[in-house]
2 protein chains.
Amino acid sequence: MAVPSRGSSTATAADVARLAGVSPGVVSRLLNGDETLRVRDETKERVRRAAMQLDYTPNFAARALRKAKAGVIGLAVHDASNPIYSQIIAGAQAEATRAGYALMLADVDALATDHALFQRVVASGAIDGLLLQRAGTPADALVAKIAAERVPTVLLNDRSRGPIGSVAVDDYAAARLGVSHLIDLGHRDIGLLQVDGPRSRTSQRRKGWADALAAAALPAPAARVVGGGHTPEAGYRGMTALLTSSDRPTAVFVANSLSAVGALSAANDLGVGIPADLSVVGLHDLPLADFLHPKLSVVRLPLFEMGVRAVALMLEQLDDKPARHESIDDPGPVLVVRASSAAPGTR
Amino acid sequence: MAVPSRGSSTATAADVARLAGVSPGVVSRLLNGDETLRVRDETKERVRRAAMQLDYTPNFAARALRKAKAGVIGLAVHDASNPIYSQIIAGAQAEATRAGYALMLADVDALATDHALFQRVVASGAIDGLLLQRAGTPADALVAKIAAERVPTVLLNDRSRGPIGSVAVDDYAAARLGVSHLIDLGHRDIGLLQVDGPRSRTSQRRKGWADALAAAALPAPAARVVGGGHTPEAGYRGMTALLTSSDRPTAVFVANSLSAVGALSAANDLGVGIPADLSVVGLHDLPLADFLHPKLSVVRLPLFEMGVRAVALMLEQLDDKPARHESIDDPGPVLVVRASSAAPGTR
DNA sequence: GTGAAAGCGCTAACAA
DNA sequence: TTGTTAGCGCTTTCAC
């Protein structure tokens with residue numbers, strides 16, 4: 001059982017040149033589509049055929065060295081298994097591929113902890129730019145800062161307006177849409193289960209909640225806001241706290257997809273009927289939302305598109321354009337009504 | 001608002017050499033820990049300090065060119081957002097980082113479709129080896145074949161025994177464990193919701209199911225096996241089919257995590273009480289399993305570890321050792337009993 | 001103990 | 001219209 005004969009001595013540009021009877025320079029310029037190159041069609045054809053015949057592929061390292069560009073974009077996340085991140089990653093992947101770039105995966109925490117790793121990945125020229133999904137830890141604030149000193153950097157899902165580029169979705173509009181839906185259903189007492197900590201995303205979402213309420217001349221008491229984190233566990237705890245208090249709201253907007261799953265679970269465990277006793281709307285759609293019990297109503301935000309736009313922003317910066325901040329609102333937030341939201345008291 | 005001064009003219013080995021008053025060769029050998037190098041401690045120290053002072057990091061491309069090795073392992077998956085794959089990816093990521101390699105992400109379908117992309121990623125020397133998570137499509141059989149001709153390749157979660165290296169978990173033992181658990185609970189009529197198609201994983205799981213039944217002198221009728229795919233949708237359909245047939249089993253082993261979620265959902269929608277009317281055990285643990293309704297009992301397999309071992313196998317091959325097939329059974333399958341499995345008829 | 005030089009494969013500038 | 005050359009930054013062999 002022979003191992004496939006690898007090392008079939010990859011052909012170089014010089015080989016192609018030799019076979020075609022031209023010089024390496026011509027091969028390079030031709031295959032890279034140099035417009036200023038004037039060659040006979042006949043020669044052109046000869047070179048193309050030679051390249052084809054030898055199955056020529058330019059050597060990655062040589063080209064990267066020469067052009068001082070790797071053609072690789074780094075993508076650093078905390079938790080690649082978070083389904084929300086996954087959608088962003090998929091978008092980034094698609095756009096990077098389209099633009100001829102490859103995507104290199106890195107773990108933010110490892111990057112922050114391991115200096116040698118950081119150097120190898122960020123400072124060695126292995127990547128031309130870095131896409132960074134921060135989670136709000138001190139570690140990634142540091143990584144962002146240091147990385148931006150070395151390579152173009154774009155912050156994912158982040159509305160900070162510093163010198164580092166960023167791309168965000170419209171959290172405010174999303175929260176407002178979700179809460180308005182609940183109001184339209186007839187709810188008057190609507191809680192907010194929010195991610196804790198002083199993040200701009202959090203405050204946007206809270207503002208959306210409050211403004212939707214205000215627009216309907218409803219109060220938005222601070223007591224109706226509880227911490228729900230960004231994990232199912234935290235959502236479970238937050239919802240439990242909310243539901244075991246003496247008076248409970250008739251509906252809750254959960255400002256995070258994973259914690260919405262936990263929230264649902266808590267309500268189930270406490271015997272609180274959804275949507276009969278409590279309506280729940282989550283932020284961000286989940287692949288599994290349609291298979292939860294009950295099926296979770298959500299506000300969907302263009303996460304894939306955000307990955308795409310992040311890479312687009314990166315390409316701009318790689319083209320020496322200045323860093324920008326982009327808020328994606330073309331595909332705006334869309335309400336996906338499933339079974340977890342209904343008029344108060346519906347069977 | 002000044003843009004961080006990038007292009008701080010990264011230092012080269014020559015710069016370090018100049019500052020330390022030695023030649024570039026010494027810098028290289030010293031920093032790479034060449035044992036055969038004999039230098040005065042004093043010189044050694046001088047070079048180290050110079051490197052530190054200039055914040056020297058070896059240029060990635062130059063090194064890759066010279067050594068004909070990129071220090072990068074490619075990872076091709078169909079769907080990075082599948083939580084099962086995510087765990088494997090996390091393991092691969094961790095081990096690759098540990099070994100000083102970076103991970104490059106690719107989409108199998110894009111690789112199969114776009115020849116130029118394939119060349120750029122696999123044939124250009126951008127990656128030293130490829131980890132491939134196949135899904136059983138014709139596309140990825142092709143990718144595996146062509147890729148293996150160019151770079152060391154390891155198949156993830158695959159028990160094929162051809163010339164290409166592979167790593168697998170013990171699907172047989174897992175299925176057997178899950179079904180035995182159900183038997184221990186008192187079930188006598190246990191269905192199998194399996195991934196369709198002629199995959200070795202599928203047949204292993206089916207065999208585990210059948211053998212567990214046989215060991216308890218129970219029949220394993222083919223009519224009790226239904227297709228459940230590997231998506232929540234497919235699981236939903238499969239479970240619906242199973243439950244709407246005239247006589248239904250009292251328990252089901254679902255041989256895929258995502259389809260188990262759909263299966264649960266179908267049972268809920270049909271008003272079939274779990275575990276009262278039906279016990280369900282899934283294969284592979286999910287981050288969300290503990291928050292489903294009811295909480296899903298599963299057999300957990302060492303997925304993270306599989307990612308780790310896949311990279312380890314790759315490292316062997318990169319070290320010119322022959323390709324191997326590894327079945328991970330050190331952390332064996334473990335039963336995680338939650339709320340979806342109980343004795344038949346329990347409240 | 002350390003320096004010098006060659007060369008990995010490519011591209012860009014300059015010759016011819 | 002095409003060839004030649006220089007050099008990207010590194011490692012490695014050989015010379016001193």
Side-chain angles (χ1 to χ4, degrees), chain A residues 7 9-48 50-51 54-71 100 119-120 123-126 128, chain B residues 7-48 50-51 54-72 100 119-120 123-126 128:
Chain A
S9 57
T10 344
T12 73
D15 296 331
V16 176
R18 208 169 308 122
L19 181 58
V22 297
S23 73
V26 175
V27 172
S28 170
R29 297 172 64 189
L30 186 59
L31 266 30
N32 288 307
D34 182 342
E35 293 295 340
T36 79
L37 175 68
R38 309 273 42 177
V39 265
R40 259 172 296 188
D41 283 0
E42 190 261 319
T43 315
K44 206 177 280 191
E45 197 39 50
R46 211 149 21 91
V47 173
R48 284 200 196 295
L54 297 176
D55 193 25
Y56 170 68
T57 303
N59 179 279
F60 170 81
R63 171 178 279 184
L65 176 58
R66 179 64 232 237
K67 309 185 71 157
K69 290 204 150 289
Q119 293 283 96
R120 268 206 327 271
S124 70
D128 300 326
Chain B
S8 50
S9 57
T10 344
T12 73
D15 296 331
V16 176
R18 209 169 308 121
L19 181 58
V22 296
S23 72
V26 175
V27 172
S28 170
R29 297 173 65 190
L30 187 58
L31 265 31
N32 287 308
D34 180 342
E35 293 296 340
T36 79
L37 174 67
R38 308 274 42 174
V39 266
R40 260 171 295 189
D41 283 1
E42 190 260 322
T43 314
K44 205 176 280 189
E45 197 40 48
R46 213 153 14 97
V47 172
R48 284 201 196 294
L54 296 177
D55 194 25
Y56 170 68
T57 304
N59 179 280
F60 170 81
R63 172 178 280 184
L65 176 58
R66 178 64 232 237
K67 308 183 70 157
K69 288 198 149 293
V72 176
Q119 293 283 96
R120 266 207 327 272
S124 70
D128 300 326

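Here dT11(D) presents its C1' atom at 16 Å from CZ of Phe60(B), a figure rounded to the nearest Å. dG9(D) atom P lies 9 Å from atom CG of Asp15(B), rounded to whole Å. In this structure, Leu37(A) atom CG and dT2(D) atom C1' are separated by 8 Å, rounded to whole Å. Asp34(A) places its CG atom 11 Å from the P atom of dT11(C), with the value rounded to the nearest Å. Atom pair Lys67(A):NZ and dC10(C):C1' shows a separation of 10 Å (rounding to whole Å applied). For Lys69(B) and dC10(D), the NZ to P distance is 20 Å, given to the nearest whole Å. The distance between atom CG of Leu31(A) and atom P of dT11(C), rounded to the nearest whole Å, is 9 Å. Across the protein-nucleic acid pair, Arg18(B) atom CZ and dT2(C) atom C1' stand 17 Å apart, rounded to whole Å.
Distance check, rounded to the nearest 0.5 Å: OG1 of Thr12(A) to CZ of Arg18(A) gives 6.5 Å.
Under the 4.5 Å side-chain criterion, counting only non-hydrogen atoms from C-beta, Val47(A) is not in contact with Tyr56(A). Residues Thr57(A) and Thr10(A) form no side-chain contact, since every pair of their non-hydrogen atoms from C-beta on lies 4.5 Å or further apart. The shortest distance between side-chain heavy atoms of Arg63(B) and Asn32(B) falls below 4.5 Å.
Note on Ser28(A): a side-chain N or O is less than 4.0 Å away from OP1 or OP2 of dT11(C). Contact check, Arg40(B) against dT2(C): a side-chain N or O comes under 4.0 Å of OP1 or OP2. Between Arg63(B) and dT11(D), a side-chain N or O to OP1/OP2 separation shorter than 4.0 Å is present. The shortest distance between the side-chain N/O atoms of Thr43(B) and the OP1/OP2 oxygens of dT2(C) is below 4.0 Å. Taking 4.0 angstrom as the limit, Asn32(A) places a side-chain polar atom (N or O) nearer than this to OP1 or OP2 of dT11(C).
Where Ala61(B) and Arg29(B) each meet DNA chain D at their nearest nucleotide, the meeting point lying more 5' is that of Ala61(B). Of the two residues contacting DNA chain C, namely Arg66(A) and Arg38(B), the nearest-nucleotide position lying further toward the 5' end is that of Arg38(B). Nearer to the 5' terminus of DNA chain C, by closest-nucleotide assignment, is the contact made by Arg46(B) (compared with the other of Tyr56(A) and Arg46(B)).
Within 4.0 Å (heavy atoms only), Gly125(B) reaches no atom of the nucleic acid at all.
Shown here for Leu65(A) and Ala62(B), the closest heavy-atom pair between the two residues is CD1-CB, 3.8 Å.
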